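Predicted, not measured: the structure shown is a model, and the values here were computed from it.
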Amino acid sequence: MARYIVKRILMMIPVLIGVSILLFAIQALTPGDPANIVLGQDAPIEEKEAWREANGLNDPMVVQYARYVKNVVTKGDFGTSYRNGKPITGDLIQRWPTTLKTCLLSLAVAAIIGIPLGILSALKHGTWIDSAARSFGVLGVSIPNFWMALMLIIIFSLNLKWFPVSGSYGPIYWVLPIATLGINNAANIMRYTRSAVLDNVKQDFVRTARAKGQKESKIIMHHIMGNAMIPITTCIGIFLVSNMAGTIVIEQIFSLPGLGSLMITAVTQRDYPVLRGCILLVAVTTCVINLLIDLFYAVIDPRIKARLKQEGGSSIIKKRMQGGVAKS
């Protein structure tokens, strides 16, 4: 297991290098001079040139990239903002927990709703309960998050006045943002869970367990869910990663002080260092989440843990992930 963890951590390095190179390439190909954006078109040429020199923009792109990587790795320094000239590392550290908190809470709510509903829908296959659950799944995945957020604000904030419109000054402020992301994720998780449970209900080992007279609750929790949790865990990991992008719009709508609102501000102001730092931090978080999901497979399936010890885990997890996505 330790060997596999080390290998996965080493595999993150080329991924993060690729992301950082892509960010610098996009900046180089983006039209417009940052000096003109920050100082204005009418600023003296000498002042613009001094600003470029102070920010290292006169150096070749390769030199800029090497200096950026060195500062990030050795000092944890993601650069300074073009707009205010302040280090952005502090802003990233301050805002990152808000984005992660939004993702985790919304996914926890989605799992609490979606997994039991998917199990119930599969066990009541063909009944009105199954039809109602499938209708919820279709509606949940069809409604865009931004539209759902606006409808929740109109109904529960403006009309009923149950929750505040925006801000993050207490637990009540998190209800609508988490509900917005949670409803969409719950619908997706319900559909994956229903499909995974239906696949296992028809298996021979389930019929054998029933023939032996085992309790239905034990059959569901031990035999059916023990195998169905692989694709369910896969889809939860996918949605957790996608939530990192989905929170960008939600944070802007509900005025949450997270990475999403910071990224949108950086885009509108052409503040490239801030944008690079946000995207790179999201990429690191995504890699860590994928590693944790892979390790969780060994917890829910002892066969994976045993084979990891024998093979070092380089290929078996990937095969199980692909198999889980295919079954879903």
Side-chain angles (χ1 to χ4, degrees), residues 12-13 15-103 146 166-168 244-288:
M12 293 181 188
I13 297 177
V15 173
L16 297 178
I17 292 176
V19 171
S20 60
I21 292 176
L22 183 61
L23 291 174
F24 268 83
I26 293 175
Q27 177 183 341
L29 297 175
T30 301
D33 186 356
N36 291 332
I37 298 171
V38 175
L39 302 177
Q41 295 284 348
D42 299 330
I45 298 178
E46 295 79 6
E47 186 177 349
K48 294 180 182 178
E49 187 64 25
W51 185 88
R52 295 191 195 96
E53 185 67 26
N55 287 274
L57 297 180
N58 288 333
D59 297 329
M61 189 59 64
V62 176
V63 176
Q64 295 182 41
Y65 175 76
R67 181 170 57 242
Y68 179 77
V69 172
K70 178 183 176 182
N71 291 336
V72 171
V73 174
T74 60
K75 304 177 183 178
D77 181 11
F78 288 87
T80 57
S81 171
Y82 285 168
R83 287 293 176 177
N84 54 32
K86 297 180 180 180
I88 65 176
T89 304
D91 287 337
L92 296 179
I93 295 175
Q94 183 180 4
R95 289 174 174 264
W96 177 77
T98 300
T99 298
L100 187 62
K101 177 181 177 181
T102 306
C103 294
F146 69 89
S166 61
S168 60
M244 298 294 293
T247 53
I248 295 176
V249 177
I250 301 304
E251 288 176 359
Q252 189 72 7
I253 293 175
F254 291 100
S255 299
L256 297 178
L259 290 179
S261 56
L262 185 63
M263 290 175 65
I264 292 179
T265 302
V267 170
T268 56
Q269 297 181 351
R270 300 286 186 89
D271 201 343
Y272 297 125
V274 175
L275 187 61
R276 282 199 304 263
C278 291
I279 295 177
L280 195 59
L281 186 57
V282 170
V284 173
T285 305
T286 300
C287 291
V288 173

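- Taking 4.5 Å as the limit, every side-chain heavy atom of Asp91 sits out of range of all side-chain heavy atoms of Val274.
- When side chains are defined from C-beta on, Tyr68 does not count as touching Leu23, because their heavy atoms never get closer than 4.5 Å.
- One distance of note links CD1 of Ile26 with CG of Leu22; it measures 4.0 Å at 0.5 Å rounding.
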Candidate pair Tyr82 and Ile88, rule side chain to side chain contact (heavy atoms under 4.5 Å, CB included), full reasoning: CA-CA 10 Å; Tyr82 285 168; Ile88 65 176; over 6 Å; no
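- Checking side-chain atoms of Gln252 against main-chain N and O of Gly260 turns up no donor-acceptor pair under 3.5 Å.
- Atoms OG1 and CD, on Thr98 and Glu251 in that order, are 7.0 Å from each other to the nearest 0.5 Å.
- Atom CG of Leu280 sits about 9.5 Å away from atom CG of Leu92, to the nearest 0.5 Å.
- For Thr285, the side chain to side chain donor-acceptor pair (under 3.5 Å) test picks out Trp96, with sequence neighbours left out.
- In this structure, Leu16 CG and Leu281 CG are separated by 10.5 Å, a value rounded to the nearest 0.5 Å.
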Decide side chain to side chain contact (heavy atoms under 4.5 Å, CB included) for Cys278 and Val282; before the verdict, give the C-alpha distance in whole Å, the side-chain angles of both, and the deciding distance to 0.1 Å. CA-CA 6 Å; Cys278 291; Val282 170; 5.5 Å; no
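- Side-chain atoms of Thr247 and Leu259, non-hydrogen and from C-beta on, never get closer than 4.5 Å to each other.
- Of the inter-residue distances, the one linking Asp77 atom CG with Lys70 atom NZ reads 12.0 Å to the nearest 0.5 angstrom.
- Distance alone, capped at 3.5 Å, is enough to place a donor-acceptor pair between the Thr89 side chain and the Gly76 backbone.
- Cation-pi contact between Arg276 and Phe24: present, with separation from the ring centre below 6.0 Å and deviation from the ring axis of at most 45°.
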